[in-house]
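Notes for the one structure printed next.
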Protein chains: 2
Amino acid sequence: MPRYRLLVEYDGSPFNGWQRQDHGASVQGAIEAAAAKLCGEAVTLYAAGRTDAGVHATGQVAHLDLPRAYSGDTVRDAINFHLKPHPVAILAAEEAEEGFHARFSAIGRSYLYRILNRRSAPALDRNRVWWVTAALDEERMAEAATRLLGHHDFTSFRAGCCQARSPNKTLDRLEITRIGDEIQIVAEARSFLHHQVRNMVGTLKLVGDGKWSADDVSRILEARDRAQAGPTCPATGLILTGVVYPQPPGWVKHRDDGTA
Amino acid sequence: MPRYRLLVEYDGSPFNGWQRQDHGASVQGAIEAAAAKLCGEAVTLYAAGRTDAGVHATGQVAHLDLPRAYSGDTVRDAINFHLKPHPVAILAAEEAEEGFHARFSAIGRSYLYRILNRRSAPALDRNRVWWVTAALDEERMAEAATRLLGHHDFTSFRAGCCQARSPNKTLDRLEITRIGDEIQIVAEARSFLHHQVRNMVGTLKLVGDGKWSADDVSRILEARDRAQAGPTCPATGLILTGVVYPQPPGWVKHRDDGTA
């Protein structure tokens, strides 16, 4: 059975997350149902990152096996056709190399977190940002973020339900910039613990509004205690922007916006 | 009666345009109703640009007279409170100088038009872009756009229902850039004819897909005949990003993203 990898964009707002469940809509379930209409059989989809309810993606990668061979363009167009009216789009599809696994072959994940930092609520980006009215000092946040870079035990930023074997991860990038009223946080690592990005952002927000310092962030990291860190920030602001593989998918060369 | 000017952001999708009407929701009607709850009297709002149904704004400017004096922050917060759940936000409010009129005092308008140019439909930016599947050559479009710069009779790009006294306008900027799958068109002028931006974009799209050349655009402009130009492109991709006044509003110094 030929294996295909898919580059997937979705609006997480109407879904109970990536993962298929008995009740409620999921991104996985929507794509599996569309793929089943293409090939006439039940299919199972595996994603690089099983995003939570409300989390969006512009660069999710998933794979599935199909009983027959199709061109990548046919797979993309047919699944897109059957996906309507769900806010999910297959941006690219191609046959994968032997042994490829969207989750286990991945060697990097990139996330963007968007904070809208102003007095007035978002009119255009509702469900796309975390709306924070308290003035945030992005330079304080950026300085504190450097304390989290590198290889650490991230227990303080790990969800209670996280299934990873180890709390040790290497955070390669955590950059914070302001563009007008918006603060953008870019996070990159080989992999993340469950809720790690949202728990780091929830903590850095408390640095930005003056409650905590960069030293507090170091103290919280070293405590290895979830109760020491800030709250989990909302899913609405989080976007999975890209997944990296040792053998880059064919679509990487066609994209020049750096999201895949 | 003190006069206030408002900086307004809105999602145009659920509205029948800016202008109040007997039937259907309008941005003007939503803000007027919210302002009436603040001051207890009917108020009338005047906008710099009366955007069409489906057109968005991040930098619309409007003014209204209130029977009593309030601080600008009170006007902003009270109108925002009463605006819920409409996707409209007052970003700033302040008392205006003597004789200020949001429409007649304006000396510049800026629009952004977004084209999503790819095979797959937008999942995250539905109602925010014009989705074009044919590959567009943005360099061809940018070269042709220069033919429209300057002072011209824009009859070929004017809606039949346009109420402007003269078809002569001066187009100061029409820049086209590609960012990944997105083509962004920035248009600036003292003022525009009705549908002028959307008719120019509809024509430039036909240059981008190879049907027309830059010389065709010059010919169309000189023909002064609406039937010669391309179709009006969809409202969904258009955003009013800013309005310029001789005496800049106080909020301009607080914004560093160039949209006001």
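FYI, side chains are in, hydrogens and waters are out, and symmetry mates aren't considered; it's all heavy atoms of this structure. Below, chain A is the first sequence line, B the second, and so on; all start at residue 1.
Residues A/Arg76 and B/Ser120 come closest through the heavy atom pair CD-OG, 3.9 Å. Contact record, A/Ala89 with B/Arg118: CB-NH2, 4.2 Å, taken as the closest heavy-atom pair.
Chosen from B/Pro122, B/Ala57, B/Ala123, the residue pairing most often with chain A at heavy-atom distances under 4.5 Å is B/Ala123.
Every residue two or more places apart in sequence or in another chain was checked for a side chain to side chain donor-acceptor pair (under 3.5 Å) with A/Glu41, and none qualifies.
Listed by first then second residue, pairs satisfying salt bridge (charged side-chain N to carboxylate O under 4.0 Å, His left out) with a partner in residues 232-250 of chain B number zero, not counting sequence neighbours.
For B/Ala92, no part lies near chain A; criterion is any non-hydrogen pair under 4.5 Å. Contact annotation for A/Leu124: both backbone and side-chain heavy atoms come within less than 4.5 Å of a heavy atom of chain B.
Between the A/Arg119 side chain and the B/Asp77 main chain, no donor and acceptor come within less than 3.5 Å of each other.
Remark: B/Gln21 CD is packed, more than 12 non-hydrogen atoms of other residues, nucleotides or ligands lying under 6.0 Å away. Summarising the local packing, CD of A/Glu139 is surrounded by 12 or fewer heavy atoms from other residues, nucleotides or ligands at distances under 6.0 Å. Within a 6.0 Å radius of OH in B/Tyr46, no more than 12 heavy atoms belonging to other residues, nucleotides or ligands are found.
Considering only heavy atoms from C-beta on, A/Pro87 comes within 4.5 Å of B/Arg126 through its side chain.
Once rounded to the nearest 0.5 Å, the distance linking CZ of A/Arg128 with CZ of B/Arg128 reads 7.0 Å.
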